[in-house]
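This report concerns only the one structure given below.
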There are 2 protein chains.
Amino acid sequence: MSPRLQLKPRKKPSQARSKATVEAILVAAAQLFRWQGYAGATTDRIAARAGVSVGSLYQYFPNKDAILVALAERHIDTGFALVRELLAEALTHVSPLESLLRSFVVAMIALHEHEPELHRVLFEEAPLPSSLRRRLRKRENDLATEVAELLEAHPEVRMRNPRLMAYILVQTVDSLVHNFILHPPKDIDAKSLTEELVRMLDQHLRG
Amino acid sequence: MSPRLQLKPRKKPSQARSKATVEAILVAAAQLFRWQGYAGATTDRIAARAGVSVGSLYQYFPNKDAILVALAERHIDTGFALVRELLAEALTHVSPLESLLRSFVVAMIALHEHEPELHRVLFEEAPLPSSLRRRLRKRENDLATEVAELLEAHPEVRMRNPRLMAYILVQTVDSLVHNFILHPPKDIDAKSLTEELVRMLDQHLRG
DNA sequence: GCGCAATGTGAGGAATGCCTCATATTTAGA
DNA sequence: TCTAAATATGAGGCATTCCTCACATTGCGC
């Protein structure tokens, strides 16, 4: 419960066999964390689901938190790579503001659709090591800044208060998408939401 | 851990003494839930902090979940009463769209500032009874609908797709405010955020 | 005051969780 | 093929949690 101190892997897997073990543990942990939350995913259950003994689990992870941290790193890296890729794609040709915004929204949807429940556990559940929480928020924020700078440079944009508008832009898209993915209303589809959102932001960024 | 079934109070307090006990338990529980999260707040600790024995706690709450449920009911009721009051105030005189929106944003800020950490535990932490989760979301949604209808009736508003726009409106304000209260950036203050947000929504609702 | 109902107490049972360690199996490589 | 290193096993120790129960205290109505 109270945050553990040691988070680095206890031993590095070198043979193929042990790599598979670690992989199985991470996969199982990801499932259990998102199905049961942090407390519900016990190390014994994770090991069982991975088809591995608890002992093996503790060969590679010094404690339960370390598993979560490993998952977080991975989740962050793949997720952000995804967004950067989509944004880069959109920047290969000079685009009108509207399509730039659309790319951003679509990228954020992709980011959140990639393991949304795990995302929730990582970002919102309480008893995570606070250092990890900070790290996650920081990386989320870095991406936000990147996007904001990108938009600010766009000729069609007129920013009254760049910092504030960037904050609103990124937070709005992030939270709206986050909630939409996690609790999709029956009568609203992703496409219409995207369009309406883009329209609102487009108008707003023009001042 | 796994959701308990019985959630109603085991026994109703009749004398003043026991009412005080129940109150103390709820206060202590609220503190511990928001400081430690759901799992960290043990029944023993709640009882201790309330200055009461575990036995007394279990006289009035059949299990740990029931305490959370009681808190949730209370939190919802006071929070929503607060918002309704503020909105009613704003409706005593016919106001321009802009000030109506401002009232809404201000009301939402008030709602979230009322025990924001407890709010987070209730709305976002995983191992809650799912019936409770649904109940919370439903009431949040009801309020949203109310606000949406109210706005739709306003003469200055031109809604392309009422359902969708209401959703975006409420979700945007709710999430933005929620995040702002829980993780306030150093260089942004509530007032500017409110103004910028109102401007964006105002523009958007005019079509 | 008296007696019964209401309320309060806290040691401890049963369940569960995290993690260790003595031991067994597998693999690399000489 | 043989050996040492790498990897895997899982019973169980220790801690913690939720909750019960047998008993003590308090307050209300007479």
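Just so you know, these numbers come straight off a predicted model, no measurement behind them. Every chain is numbered from 1 and lettered A, B, ... according to where its sequence line falls, protein lines coming before strand lines. Because only heavy atoms are used, hydrogens play no part in the values below, and waters and symmetry mates are left out as well, while side chains stay in.
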>> Let's see if you can work this out: which of C/dA28, D/dG27, C/dG8 has an atom nearest to the side-chain heavy atoms of A/Q15?
In response: C/dA28
> Can we say B/E23 and B/R74 salt-bridge, meaning some charged N sits less than 4.0 Å from an Asp/Glu carboxylate O?
Replying inline: yes
> Taking CZ from A/F61 and P from C/dC19, how many angstroms apart are they, rounded to a whole number?
Replying inline: 13 Å
>> What is the separation between atom CD on B/Q59 and atom C1' on D/dT25, rounded to the nearest whole Å?
In response: 13 Å
> How close or far is atom P of C/dT23 from atom OH of A/Y58, stated in whole angstroms?
Replying inline: 22 Å
>> Taking only side-chain N and O atoms of A/S53, does any of them lie within less than 4.0 angstrom of OP1 or OP2 on D/dT9?
In response: yes
>> Taking donor-acceptor contacts at under 3.5 Å, does the side chain of A/D65 reach the base of C/dC18?
In response: no
> Would a 4.5 Å heavy-atom cut-off, applied to side chains only, mark A/H112 and A/D174 as touching?
Replying inline: yes
> Which nucleotide in the list C/dC19, D/dA8, D/dC19 gets nearest to the side chain of B/N63?
Replying inline: D/dC19
>> Closest approach to the side chain of B/R17, judged atom by atom: which nucleotide of D/dT9, D/dT7, D/dG27 is it?
In response: D/dG27
>> Quick check for you: among D/dT9, C/dG17, C/dT7, whose closest atom lies nearest to any side-chain atom of B/S18?
In response: C/dT7
> How long is the line joining CG of B/L57 and P of D/dT17, in whole Å?
Replying inline: 14 Å
>> Assuming nearest nucleotide by heavy-atom distance, tell me which of A/T43 and B/V54 is located more 5' along DNA chain C.
In response: B/V54
> Could you give the CG-to-P distance, from B/D44 to C/dA11, as a whole number of Å?
Replying inline: 11 Å
> If you check the A/K64 side chain, which of D/dT17, C/dG8, C/dC18 turns out closest?
Replying inline: C/dC18
>> Between A/R199 and A/E195, does any side-chain N to carboxylate O distance fall below 4.0 Å?
In response: no
>> Is the terminal nitrogen or CZ of B/K64 (NZ for Lys, CZ for Arg) located under 6.0 angstrom from the six-membered ring centre of B/Y58 and within 45° of that ring's axis?
In response: no
> So A/I67 and A/F33, side-chain contact (heavy atoms from CB on, under 4.5 Å) or not? Walk me through it.
Replying inline: CA-CA 10 Å; A/I67 305 176; A/F33 277 133; 4.3 Å; yes
> How is B/T42 classified with respect to the nucleic acid when contacts are heavy atoms under 4.0 Å: base, sugar-phosphate, or nothing?
Replying inline: sugar-phosphate
> Can you check the B/L32 CG to D/dC18 C1' distance for me, whole Å?
Replying inline: 15 Å
> Taking for each residue the nucleotide of DNA chain D with the nearest heavy atom, is it A/T21 or B/G55 whose nucleotide lies nearer the 5' end?
Replying inline: A/T21
> Atom CD of A/Q36 and atom C1' of C/dT16: how far apart are they, to the nearest Å?
Replying inline: 14 Å
> Rounded to the Å, how far apart are B/Y60 OH and D/dC18 C1'?
Replying inline: 19 Å
